[in-house]
Peer 1: 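Take this structure, written in structure tokens, and hold onto it; I'll ask about it next.
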Amino acid sequence: MRCPFCGNIDTQVKDSRPAEDHVSIRRRRFCPACGGRFTTYERVQLRDLVVVKKSGRREAFDRDKLERSIRIAMQKRPIESERLDQMISGIVRRLESMGETDIPSDTIGAIVMEALARIDTVAYVRFASVYKNFQAADDFEDFVSELRPPAAVGREED
Ligand SMILES: [Zn+2]
């Protein structure tokens with residue numbers, strides 16, 4: 001695994017342990033060239049997914065990219081990182097088990113919103129606002145009141 005700091009490809013695994021309830025293996029790595037330390041995760045990948053954008057453009061599904069967008073939505077929310085990892089793994093497993101290799105970006109967005117709605121209303125609204133790319137504030141209000149999960153109401157202060 002290439003060192004993300006200096007580019008050296010000869011890095012060492014210092015520690016491996018199961019994470020996310022044995023869904024992944026977490027490895028602590030060390031770069032002897034620059035002394036950098038970083039973590040990698042090993043996960044089962046059932047199939048290679050392709051995301052089909054609205055424009056028709058296709059690109060390989062990238063778990064890290066999905067994770068980044070979700071983490072942005074979750075910024076400063078009181079949700080443990082481990083729980084977030086579990087949620088993301090759950091989303092990926094759902095996508096992988098859909099029986100199709102090609103997955104429309106809309107489908108992924110809908111699944112992410114569904115998962116976020118269950119754990120955090122604020123993150124859900126943030127993600128939805130970016131994802132839906134609302135033109136008018138009114139549309140956004142309607143959307144939120146329509147889809148707001150009743151169980152999570154009352155936790156939306158920031
Ligand atoms: Zn390095």
Peer 1: Should E82 and R26 count as an ion pair when the cut-off is N to O under 4.0 Å?
Peer 2: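 Between R26 and E82 there is no salt bridge, as every charged N stays at least 4.0 Å from the carboxylate O atoms.
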Peer 1: In the structure I gave you, are the side-chain heavy atoms of S69 and I72 within less than 4.5 Å of one another anywhere?
Peer 2: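 No - every pair of side-chain heavy atoms lies 4.5 Å or more apart.
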Peer 1: Drop me the distance from R118's CZ to M113's CE, to the nearest 0.5 angstrom.
Peer 2: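 That separation rounds to 13.0 Å.
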Peer 1: Any side-chain heavy atom of F38 sitting closer than 4.5 Å to one from F5?
Peer 2: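 The answer is yes; the side chains approach within 4.5 Å.
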Peer 1: Given side chain to side chain contact (heavy atoms under 4.5 Å, CB included), test L116 with I70 step by step and report yes or no.
Peer 2: CA-CA 9 Å; L116 284 176; I70 291 174; 4.2 Å; yes
Peer 1: Distance check, rounded to the nearest 0.5 Å: E59 atom CD versus L49 atom CG?
Peer 2: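 Taking CD in E59 and CG in L49, the distance rounds to 12.5 Å.
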Peer 1: Could you walk me through whether R83 and I119 pass side chain to side chain contact (heavy atoms under 4.5 Å, CB included), step by step?
Peer 2: CA-CA 9 Å; R83 183 144 178 243; I119 72 171; 3.3 Å; yes
Peer 1: I'd like to know if the side chain of S24 reaches the main chain of Y41, judged simply by a donor and an acceptor atom lying under 3.5 Å from each other, with no hydrogens or angles considered.
Peer 2: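 Side chain of S24 to backbone of Y41: no pair is present.
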Peer 1: How far apart are the closest heavy atoms of L66 and I91, and which atoms are they?
Peer 2: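 So the two residues come closest at CD2-CG2, 4.0 Å.
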Peer 1: May I ask you to decide if D85's main-chain N or O and S89's side chain share a donor-acceptor pair within less than 3.5 Å?
Peer 2: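 Yes, S89 side chain to D85 backbone: donor-acceptor pair under 3.5 Å.
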Peer 1: Considering only heavy atoms from C-beta outward, does the side chain of V112 approach that of F127 to under 4.5 Å?
Peer 2: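 Yes - at least one pair of side-chain heavy atoms lies under 4.5 Å apart.
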Peer 1: Please report the shortest heavy-atom distance between T11 and P32, naming the atom on each side.
Peer 2: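 Taking every non-hydrogen atom into account, CA-CD, 4.2 Å.
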Peer 1: If only atom types and distance count, is the side chain of R2 paired as donor or acceptor with the main-chain N or O of G7 below 3.5 Å?
Peer 2: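 It does hold such a pair.
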Peer 1: Step by step, would you call S16 with R27 a side-chain hydrogen bond (donor to acceptor under 3.5 Å, both in side chains)?
Peer 2: CA-CA 4 Å; S16 294; R27 297 190 204 284; 2.8 Å; yes
Peer 1: Rounded to the nearest 0.5 Å, what separates atom CZ in R71 from atom OG in S81?
Peer 2: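 Reported to 0.5 Å precision, the distance equals 4.0 Å.
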Peer 1: How far apart are the C-alpha atoms of D106 and K54, what are their side-chain angles, what is the distance that settles it, and do they pass the side chain to side chain contact (heavy atoms under 4.5 Å, CB included) test?
Peer 2: CA-CA 8 Å; D106 276 0; K54 275 184 195 139; 3.2 Å; yes
Peer 1: In Å, rounded to the nearest 0.5 Å, how long is the span from CD of Q12 to CE of M1?
Peer 2: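 Going from CD on Q12 over to CE on M1, the span is 14.5 Å.
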Peer 1: What's the separation between atom CZ in F61 and atom CD1 in I108, rounded to the nearest 0.5 Å?
Peer 2: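 Rounded to the nearest 0.5 Å, the CZ-CD1 separation comes to 5.5 Å.
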Peer 1: What side chain to side chain donor-acceptor pair (under 3.5 Å) pairs are there with at least one residue in residues 90-101, not counting sequence neighbours?
Peer 2: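 Residue pairs with at least one partner in residues 90-101: R94-E114.
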Peer 1: Might you work through the side chain to side chain contact (heavy atoms under 4.5 Å, CB included) test for R37 and R28, ending with a clear yes or no?
Peer 2: CA-CA 7 Å; R37 290 168 192 279; R28 288 296 295 158; 3.4 Å; yes
Peer 1: Using the rule that Ile, Leu, Val, Met, Phe, Trp and Tyr join whenever any side-chain heavy atoms are under 4.5 Å apart, tell me whether I88 and M98 fall into a single cluster.
Peer 2: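 Per the 4.5 Å side-chain linkage, I88 and M98 are co-clustered.
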Peer 1: Test of understanding: with side chain to side chain donor-acceptor pair (under 3.5 Å), list the residues that count as partners of S55, not counting sequence neighbours.
Peer 2: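 Applying side chain to side chain donor-acceptor pair (under 3.5 Å) to S55 gives none.
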Peer 1: State, with a plain yes or no, whether a side-chain heavy atom of V122 is found less than 4.5 Å away from one of M74.
Peer 2: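 With C-beta onward as the side chain, the pair stays apart.
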Peer 1: Out of curiosity, L84 CG to I79 CD1, how far, rounded to the nearest 0.5 Å?
Peer 2: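 Rounded to the nearest 0.5 Å, the CG-CD1 separation comes to 8.0 Å.
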Peer 1: For R29 and D15, indicate whether the former's side chain and the latter's backbone hold a donor-acceptor pair under 3.5 Å.
Peer 2: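 Between the backbone of D15 and the side chain of R29 there is no qualifying donor-acceptor contact (under 3.5 Å).
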Peer 1: V52 versus R57: any side-chain heavy-atom pair under 4.5 Å?
Peer 2: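 V52 vs R57: side chains apart.
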